[in-house]
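First up is the structure itself, then whatever we jot down about it.
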2 protein chains.
Amino acid sequence: MASIKDVANLAGVAVGTVSRVINNTGAVKPETRKKVKAAIRQLNYIPNEVARNFKMQKSKMVALLLPSIWHPFFSELAYYIEDELDREGYKLMLCNSGGKPEKELYYLDMLQQNKVAGIVGITYNDIENNVSTDIPIVSIDRHFSKKITCVTSDNFEGGRLALRELVKAGAKRPAFMGSITKVFSETIKRKEGFVHEAKALGIDYVVYEKPDPVTDEEAFYGEFLSRHKDVDGVFAITDMFAANYIERAVKLGIRIPEDVKVIGYDGIQDHGLFHPVLSTIRQPVEEMARMTIRLLYKKIEGETLDRETYRIPVVFRKGETT
Amino acid sequence: MASIKDVANLAGVAVGTVSRVINNTGAVKPETRKKVKAAIRQLNYIPNEVARNFKMQKSKMVALLLPSIWHPFFSELAYYIEDELDREGYKLMLCNSGGKPEKELYYLDMLQQNKVAGIVGITYNDIENNVSTDIPIVSIDRHFSKKITCVTSDNFEGGRLALRELVKAGAKRPAFMGSITKVFSETIKRKEGFVHEAKALGIDYVVYEKPDPVTDEEAFYGEFLSRHKDVDGVFAITDMFAANYIERAVKLGIRIPEDVKVIGYDGIQDHGLFHPVLSTIRQPVEEMARMTIRLLYKKIEGETLDRETYRIPVVFRKGETT
């Protein structure tokens, strides 16, 4: 059977070029691509990845587990993850895990059987017992066990930043608003940073949180609005919490930001077409995505990483709500 | 080597149950799953999909080509497509094609080599010459060749509906606003339906369109706003066009909907938290996604479909802009 070298010779290009055409990595001129594909056809050279995988017992597939690709933060994340994987010829397998343990464990099985080279994901379950330190899994945002490398935005700094911005905007009695997940999540640091900074600055603050997920939104926001009429600043744990609060506050005649300044977290609005444009702590989604994949490659290559958690700096993006 | 039957006997379940556990299709009680996995371990039965694929030269992978998963309409679509595929144990391979021909042709190669069972996508290129009628490809929205089955919302009816709703809301001189793609796209029917209905009702209308993509937005909206001051209704080809127009119109003191009624197309706002909530022609995304996958299965099974284009009815969703 013809070899890749035969193809390269016939096409009059380097083996690397043929490989780039086959694996679709790197740029190849359309004409060159044509020549190579013609040579492949003429020599009947079929680079069968299935067969290759069978020999090498290795997959160029990375599984991405997300609660839901529908959420703007996750879809932006998936966009950059796929883009980064594509640079090395890896493919992205998408899974709306919805946090279902059986779905996550299924992919863990696939990983153990070399059907996927690695897993990236927001895993909701403590799969600590199922994995070893060097297994190629990188978690985003949700940090569970020392064994699983985690890439996250600097939630603690984000909380401190939010408190400072609310005070700078004139808030005298700022509140943190959010939900608490049963298992530990990095997102709890948003509250911790907020509280830490309030204490450091001697600011009178409020913490309002309920168990996650918040099922009865009317009750959640209703209780906050009736109990904390004196609050003049709100740092919501996510942009959606912020938007939900504003929606209800405005109906009660509360003016944003005149009466209450509001800051969210995520930066899900990538354009200013829909209002209010939230003032928010923007997660560096692209950087988180690319860092995640670069760390995953190291784990796939068997390197042991120096840290368990990689925190990426956040920035405050002023909108119309502060 | 142990067979699946041995596993079933040891676990005391049906072979089908073992297969469901292995392929993660259908519901399996956690305890049952434990038993099966224990039997698999004890008998060292490794259902190696890679090996199975090598024997069967068949993949349970479907490739989804999208311009960008980041766009809310596409991420919602991907969410339901993955969900529908998961029901039959198929996996979703995500590709932000960005409309790049080489990326799309690469997946076509994978399809011809049985590395993917089928392709779903918004393909921007005329790949007609590369495919045969029964090849398992289903296109969404963009309809190119008779050879490629296409699932789309009923764009023509959507255009008619938009015109009627603008008139009902009081518009005397409605305008269609959009861009024209070089290759034929189903979306052009939005304009055709709008024009058809305006003529049928004897309504004086305006058509404003430029080549796609619109790179200079300032020029695009600026020209429309200066040239068509008499327009009192706008049907934008997408919600983003509508939101972009509103953003600029409001800055000029135009009141929406008092002065100009606006209707978009897509229904990308799945909640009313950000304003204005657009009045829009809502695409039945979930139905389009599930229909697409069911048609793809038929093609994978070698069935010839009775139609090339499947149009799904749309509905008008009233927001704050009419």
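This structure is a prediction, so every number in the text was calculated from the model and none was measured. By convention in this document, chain letters (A, B, ...) are assigned in the order of the sequence lines, proteins followed by strands, and residues within each chain are numbered from 1.
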Next item on the list: Heavy atoms only, distances under 4.5 angstrom: which of B/Pro30, B/Pro276, B/Ser75 has the most pairs with chain A? Name it, please.
Entry: B/Ser75
Next item on the list: Answer with side chain, backbone, both or neither: which region of B/Glu76 has an atom nearer than 4.5 Å to a non-hydrogen atom of chain A?
Entry: both
Item checked: Separation between CE of B/Met93 and CD of A/Glu82, rounded to the nearest 0.5 Å -> 10.5 Å
Margin query: Using side-chain heavy atoms (C-beta onward) and a distance below 4.5 Å, is B/Tyr79 in contact with A/His71?
Written below: no
Next item on the list: Identify which part of B/Leu278 has an atom lying under 4.5 Å from any heavy atom of chain A, answering side chain, backbone, both or neither.
Entry: side chain
Next item on the list: Please tell me if the side chains of A/Phe274 and B/Glu247 come closer than 4.5 Å, counting only heavy atoms from C-beta onward.
Entry: no
Next item on the list: Carefully, step by step, assess B/Lys37 and A/Leu105 under the rule side chain to side chain contact (heavy atoms under 4.5 Å, CB included).
Entry: CA-CA 11 Å; B/Lys37 295 192 64 55; A/Leu105 290 171; over 6 Å; no
Note to self: Quick check for you: to the nearest 0.5 Å, what is the distance between A/Tyr80 atom OH and B/Asn96 atom CG?
What the structure shows: 10.5 Å
Next item on the list: Calculate, to the nearest 0.5 Å, the distance between atoms CD1 and CG belonging to B/Ile69 and A/Leu77 respectively.
Entry: 11.5 Å
Note to self: What's the separation between atom NE2 in B/His275 and atom CD1 in A/Ile246, rounded to the nearest 0.5 Å?
What the structure shows: 9.5 Å
Margin query: Counting only non-hydrogen atoms closer than 4.5 Å, does B/Met240 touch chain A with its backbone (N, CA, C, O), its side chain (CB onward), both, or neither?
Written below: both
Margin query: Under 4.5 Å from any heavy atom of chain B, what part of A/Leu85 do you find: side chain, backbone, both or neither?
Written below: neither
Item checked: When B/Ala63, B/Pro72, B/Ser68 are compared by non-hydrogen pairs under 4.5 Å with chain A, the top option -> B/Ser68
Next item on the list: Verify the neighbour count for atom NZ of A/Lys34: are there more than 12 heavy atoms of other residues, nucleotides or ligands below 6.0 Å?
Entry: no
Next item on the list: Drop me the distance from A/Lys29's NZ to B/Glu102's CD, to the nearest 0.5 angstrom.
Entry: 13.5 Å
Margin query: Looking at B/Asp109 and A/Arg33, is there a salt bridge between them, counting it only when a charged N and a carboxylate O are closer than 4.0 Å?
Written below: yes
Next item on the list: Specify which of B/Leu64, B/Asn244, B/Asp83 makes the most heavy-atom pairs with chain A at under 4.5 Å.
Entry: B/Asn244
Note to self: Working to the nearest 0.5 angstrom, can you tell me the gap between B/Leu94 CG and A/Cys95 SG?
What the structure shows: 12.5 Å
